[in-house]
Amino acid sequence: MKNSVIEKRAIIGKNVHFGNFCTIEDDVIIGDNSWLGNNVTILSGSRVGNNCQIHSGTVVGGIPQDLKFNNEYTLVEIGNNNIIRENVTINRGTSSKGITRIGNSNLIMANAHIGHDCTIGNNCIIGFSVGMAGEVVTGDFVNISGLTAVHQFSRIGSYSMISGLSRIVKDIPPFVTVAHEPLRFAGLNVVGLRRREFSSDKIEEIKSIYRIIFQEKRNTKTALELIELNFEPTFERDEILNFIKLSKRGIVKGI
């Protein structure tokens, strides 16, 4: 590493690579076997796990872009085995949640922004130039295609797929694909589910549930009651029901 600045109170694991001109502030933890490219900035309050790649120009732990922020002590926590590409920005939390949290084994592509107090699950793909406002929550195995804008407080369910150039202003339930403008339900994420070894019977169960929600022209409350009455409890059924019941912004519209 050439002309990198690593403060004395930073905690650096074993076998960590630093590129040229990195800045690592105090109150930073970086786990074992992680790799940082050139000009990476890791600011105070950042926690980076093991086996992470953080590419050139990325800034982790910047103060929130929120006028309510009053220099309170907050964190960014990044799990293990993440790949964070060039020029990504990940802000710390605010007093709202206190932490921006990114799980394990995610790919965050170049120029993406993850705002304050966001929670990203595991095995997600965040496409290039995705803009994610504060307090967004995603489940696991979410795929958000490039140039998508995600409204503050939005929730994105596990195993969902969002098309490129999307504008997310409503919650995205699990297991679905959404597309078009305005954004709406476009079917199941069948390719993603098969890749994750969901059986044909399980995919058909999910499809039948969403047919009631999105295609049979019922209001949401009636649709959920009908699903609870006619489908045996399973992980997938309950994941869908609980997600929709907890939605404060409402979910995307059907076809």
Side-chain angles (χ1 to χ4, degrees), residues 10-18 22 24 27-37 40-56 58-62 74-93 97-128 130-132 134-146 148 150 154-162 172 174-175 189 191-198 235-236 239 242-243:
I11 299 174
I12 308 300
K14 299 176 182 177
N15 194 34
V16 176
H17 167 86
F18 294 98
C22 292
I24 312 298
D27 191 24
V28 167
I29 300 174
I30 300 176
D32 297 342
N33 302 309
S34 287
W35 180 96
L36 281 67
V40 171
T41 301
I42 312 291
L43 300 172
S44 293
S46 299
R47 312 287 184 258
V48 178
N50 301 323
N51 303 304
C52 289
Q53 296 179 29
I54 304 179
H55 288 251
S56 298
T58 289
V59 180
V60 175
T74 57
L75 300 172
V76 169
E77 181 183 276
I78 298 172
N80 301 321
N81 305 306
N82 290 289
I83 300 174
I84 301 173
R85 293 302 304 261
E86 294 81 2
N87 302 311
V88 170
T89 54
I90 304 174
N91 290 168
R92 285 160 40 205
K97 293 181 179 176
I99 188 168
T100 300
R101 182 175 281 117
I102 296 171
N104 302 314
S105 302
N106 298 291
L107 169 59
I108 303 175
M109 294 187 186
N111 301 306
H113 171 72
I114 297 176
H116 64 86
D117 301 292
C118 286
T119 300
I120 309 299
N122 305 308
N123 300 287
C124 296
I125 299 175
I126 310 298
F128 70 93
V130 166
M132 192 173 287
E135 305 196 45
V136 170
V137 176
T138 85
D140 299 333
F141 296 102
V142 168
N143 191 330
I144 306 176
S145 300
T148 291
V150 188
S154 295
R155 296 166 62 239
I156 302 172
S158 296
Y159 301 96
S160 59
M161 171 77 183
I162 292 91
I172 312 297
F175 312 116
N189 181 17
V191 173
L193 294 176
R194 286 177 176 160
R195 285 175 178 168
R196 302 301 167 193
E197 300 183 344
F198 281 68
F235 167 79
E236 291 77 14
E239 186 82 357
N242 292 333
F243 184 95

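Values reported hereafter were calculated over all heavy atoms of this structure, with side chains retained and with hydrogens, waters and symmetry mates removed.
- For the residue pair Val60 and Ser46, the shortest heavy atom distance occurs at O-OG, 3.4 Å.
- A search for side chain to side chain donor-acceptor pair (under 3.5 Å) contacts involving Glu77 returns Arg101, not counting sequence neighbours.
- A distance of 9.0 Å separates CD in Glu135 from OG1 in Thr100, rounded to the nearest 0.5 Å.
- The two residues Ser34 and Gly49 have their closest heavy-atom pair at OG-O, 2.9 Å.
- The CE atom of Met109 sits 11.5 Å away from atom NE2 of His55, with the distance rounded to the nearest 0.5 Å.
- Within the 4.5 Å cutoff, no side-chain heavy atoms of Ser154 are placed close to those of Met132.
- A pairwise comparison of heavy atoms in Lys97 and Val137 identifies NZ-CG2, 3.9 Å as the closest pair.
- You'll find the side chain of Asn143 stays beyond 4.5 Å of the side chain of Asn189, heavy atoms only.
- Among residues at least two apart or in separate chains, salt bridge (Lys or Arg N to Asp or Glu O under 4.0 Å) pairs with a member in residues 40-54 are Asp27-Arg47.
- Applying the side chain to side chain donor-acceptor pair (under 3.5 Å) rule to Thr74 yields the partners Arg92; only residues at least two apart in sequence or on another chain are considered.
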For side chain to side chain contact (heavy atoms under 4.5 Å, CB included), just list the numbers for Ile156 and Ile172, CA-CA rounded to whole Å, side-chain angles, deciding distance to a tenth of an Å, and then say yes or no.
-> CA-CA 5 Å; Ile156 302 172; Ile172 312 297; 4.2 Å; yes
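- For Asn15, the side-chain contact (heavy atoms from CB on, under 4.5 Å) test picks out Asn33, with sequence neighbours left out.
- The closest side-chain heavy-atom distance from Asn122 to Ser105 is not below 4.5 Å.
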Identify each donor-acceptor pair in which a side-chain atom of residues 83-90 lies under 3.5 Å from a protein atom, sequence neighbours left out, and give them as a table.
{"unit_1": "Thr89", "atom_1": "OG1", "unit_2": "His113", "atom_2": "ND1", "d": "2.7"}

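- How far CG of Leu75 is from OG of Ser44: 10.5 Å, rounded to the nearest 0.5 Å.
- Between the side chain of Asn50 and the backbone N or O of Asn80 there is no donor-acceptor pair closer than 3.5 Å.
- Residues passing the ring pair (Phe, Tyr, Trp, His ring centres under 6.0 Å) test with Tyr159 are Phe141, Phe175, Phe198, sequence neighbours excluded.
- Residues meeting the side-chain contact (heavy atoms from CB on, under 4.5 Å) test with Thr148, sequence neighbours left out: Val130, Ile144, Val150, Ile162, Ser166, Ile168.
- Separating the CG atom in Asp140 from the OG atom in Ser160 is a distance of 10.5 Å, to the nearest 0.5 Å.
- Here the CD1 atom belonging to Ile114 is positioned 3.5 Å from the CD1 atom belonging to Ile108, to the nearest 0.5 angstrom.
- In this structure, the side-chain contact (heavy atoms from CB on, under 4.5 Å) partners of Arg195, at least two apart in sequence or on a different chain, are Val191.
- Proximity of Leu36 to Ile42: side-chain heavy atoms (C-beta onward) are separated by under 4.5 Å at one or more points.
- Residues satisfying the salt bridge (Lys or Arg N to Asp or Glu O under 4.0 Å) test with Glu236, not counting sequence neighbours, are Lys202.
- Applying the salt bridge (Lys or Arg N to Asp or Glu O under 4.0 Å) rule to pairs touching residues 106-126 yields nothing, sequence neighbours excluded.
- Under the rule for a side chain to side chain donor-acceptor pair (under 3.5 Å), the partners of Asn82 that lie at least two apart in sequence or sit in another chain are Asn106.
- Of all non-hydrogen atoms in Gly139 and Cys124, the two that sit nearest each other are O-SG, 3.2 Å.
- Leu107 contributes atom CG, which lies 9.5 Å from atom CD of Gln53 (distance to the nearest 0.5 angstrom).
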